[in-house]
K.L.:
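Please read through the structure below; I'll follow up with questions.
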Amino acid sequence: MATPSTALVLGNGGIAGIGWQVGMITGLAEAGVDLRTADLVIGTSSGAVVGAQIRSELSTETLYKRQLGSLHAEIANRLTVRQLAKWAFLAGTAPNEATAVRRVANASKGKSKVDPVLRLAAVSSRLPEKKWPKKPLWIVAVDAASGKLKVFDRDSGVTLAEAVNASCAIPFAWPAASLGGHTYLDGGVRSPLNLDLAKGYDRIVGLASNILTPRRSGKISAQLAHLGSAKVTVIHPDEHCRKAIGPNELDPARVHGAAETGRAQAEKYVHAVRAVWPTETES
């Protein structure tokens with residue numbers, strides 16, 4: 001019997017979402033479900049950071065403790081209600097996905113006042129290792145000019161930090177990332193999870209701390225249709241975790257609470273994840 005192929009898909013949620021995802025992964029590992037064994041890890045925005053972290057040599061416990069440590073390199077930020085409403089309107093009324101990306105890119109161009117160099121340094125500080133991991137890791141962004149999906153991997157000719165920074169370039173909040181003559185934005189502009197990219201894998205677990213999206217094609221319910229007969233489970237923060245994350249996911253002060261509640265929440269989802277993730281007898 002062939003071993004089922006596995007994919008871990010990590011979605012967006014700001015810096016607080018990083019804490020929640022690491023907490024969840026740590027809590028599941030503590031209960032005997034190790035998502036780090038995934039054949040493929042796909043990361044979007046916050047999930048790009050977490051994907052790079054769990055593909056490192058550090059233990060889940062060490063990664064968790066990093067979430068509870070000093071975040072001195074981080075830059076506090078927020079998206080205003082007006083910016084979010086504009087983003088939703090431009091993307092939600094676009095005739096197709098590429099046009100939606102271009103509209104949001106044009107509207108947000110130059111709006112972030114954060115120094116791109118400082119932003120890249122902040123993102124880089126989150127990565128335990130600067131080299132691309134040997135095990136497959138896909139980092140999701142979108143091309144601001146063409147509106148097309150861009151998936152970075154170790155063969156893309158960019159550094160890991162550059163790829164993660166591009167995936168985390170939230171419109172209006174952070175500067176767009178310029179790489180190789182192209183400009184990239186957060187992969188969450190396409191979908192908060194990009195679950196459909198795991199097509200072809202037998203067992204799929206998704207973690208997303210924010211699943212809001214103005215376009216039907218980006219919704220998890222729509223993307224599930226692309227996954228065929230795969231066994232899939234997607235986990236979101238519960239009410240307690242949402243309170244810990246708070247209304248501003250870009251606030252570094254929320255990371256500690258998000259990580260702690262994420263770890264505690266994992267206990268509720270152990271059975272759901274075990275139902276999907278291969279057991280030792282299947283491996």
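All values below come from the heavy atoms of this structure, side chains included, with hydrogens, waters and symmetry mates left out.
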K.L.:
Does K148 reach the side chain of R102, with side-chain heavy atoms less than 4.5 Å apart?
P.N.:
no
K.L.:
Between T44 and N12, is any side-chain donor less than 3.5 angstrom from a side-chain acceptor?
P.N.:
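There is no such pair (donor and acceptor under 3.5 Å, judged by atom type) between the side chains of T44 and N12.
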K.L.:
Assess the residue pair R263 and E61 against the criterion (salt bridge (Lys or Arg N to Asp or Glu O under 4.0 Å)); give the C-alpha distance rounded to whole Å, side-chain angles, the decisive distance to 0.1 Å, and a yes or no.
P.N.:
CA-CA 11 Å; R263 185 170 189 168; E61 191 64 39; 2.8 Å; yes
K.L.:
Are R78 and E249 within salt-bridge range, i.e. N to O under 4.0 Å?
P.N.:
no
K.L.:
Could you check if a side-chain atom of L8 sits within less than 4.5 angstrom of a side-chain atom of I204, using non-hydrogen atoms only?
P.N.:
no
K.L.:
Donor-acceptor pair, R254 side chain versus I15 backbone, under 3.5 Å?
P.N.:
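The answer is no, because no donor-acceptor pair under 3.5 Å joins these two groups.
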K.L.:
What residue among T233, T37, D34 forms side-chain hydrogen bond (donor to acceptor under 3.5 Å, both in side chains) with W277?
P.N.:
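Output: one option passes, namely T37.
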K.L.:
Between R190 and N194, do the side chains contain a donor N or O and an acceptor N or O under 3.5 Å apart?
P.N.:
yes
K.L.:
Given the rule that I, L, V, M, F, W and Y join up when any side-chain heavy atoms are under 4.5 Å apart, are V234 and L40 in one cluster?
P.N.:
yes
K.L.:
Would you please test K268 and D238 for salt bridge (Lys or Arg N to Asp or Glu O under 4.0 Å) and show each step?
P.N.:
CA-CA 10 Å; K268 300 179 182 178; D238 60 15; 2.8 Å; yes
K.L.:
Check the hydrophobic clustering (I, L, V, M, F, W, Y; side-chain heavy atoms under 4.5 Å; chains of links allowed) and say if V123 and L58 are grouped together.
P.N.:
yes
K.L.:
Under 3.5 Å, is there a donor-acceptor pair between the side chain of S191 and the main chain of G188?
P.N.:
no
K.L.:
Out of curiosity, does V158 fall in the hydrophobic cluster containing V142 (side-chain heavy atoms, cut-off under 4.5 Å, transitive links)?
P.N.:
no
K.L.:
Evaluate the side-chain hydrogen bond (donor to acceptor under 3.5 Å, both in side chains) criterion for residues Q21 and S46: first the C-alpha distance (whole Å), next the side-chain angles of each, then the deciding distance (0.1 Å), finally the verdict.
P.N.:
CA-CA 9 Å; Q21 290 184 34; S46 302; 5.1 Å; no
K.L.:
Establish whether L250 and W20 are linked, either directly or via other cluster members, by ILVMFWY side-chain heavy-atom contacts under 4.5 Å.
P.N.:
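L250 and W20: separate clusters.
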K.L.:
Between the side chains of S5 and D39, is a donor N or O closer than 3.5 angstrom to an acceptor N or O?
P.N.:
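On atom types as modelled, these side chains do not qualify, holding no pair under 3.5 Å.
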K.L.:
How long is the span from the CG atom in D115 to the CD1 atom in I75, to the nearest 0.5 Å?
P.N.:
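These two atoms lie 8.0 Å from each other.
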K.L.:
Considering only NZ, NE, NH1 and NH2 on the basic side and carboxylate oxygens on the acidic side, decide whether E74 and R126 come within less than 4.0 Å.
P.N.:
yes
K.L.:
What distance separates L197 CG from L149 CG, expressed to the nearest 0.5 Å?
P.N.:
5.5 Å
K.L.:
Under 3.5 Å, is there a donor-acceptor pair between the side chain of R55 and the main chain of P133?
P.N.:
no
K.L.:
Quick one, R119 and C168 - any side-chain contact, counting heavy atoms below 4.5 Å?
P.N.:
yes
K.L.:
Tell me whether the rings of Y184 and F152 are parallel (<30°), tilted (30 to 60°) or perpendicular (>60°).
P.N.:
perpendicular
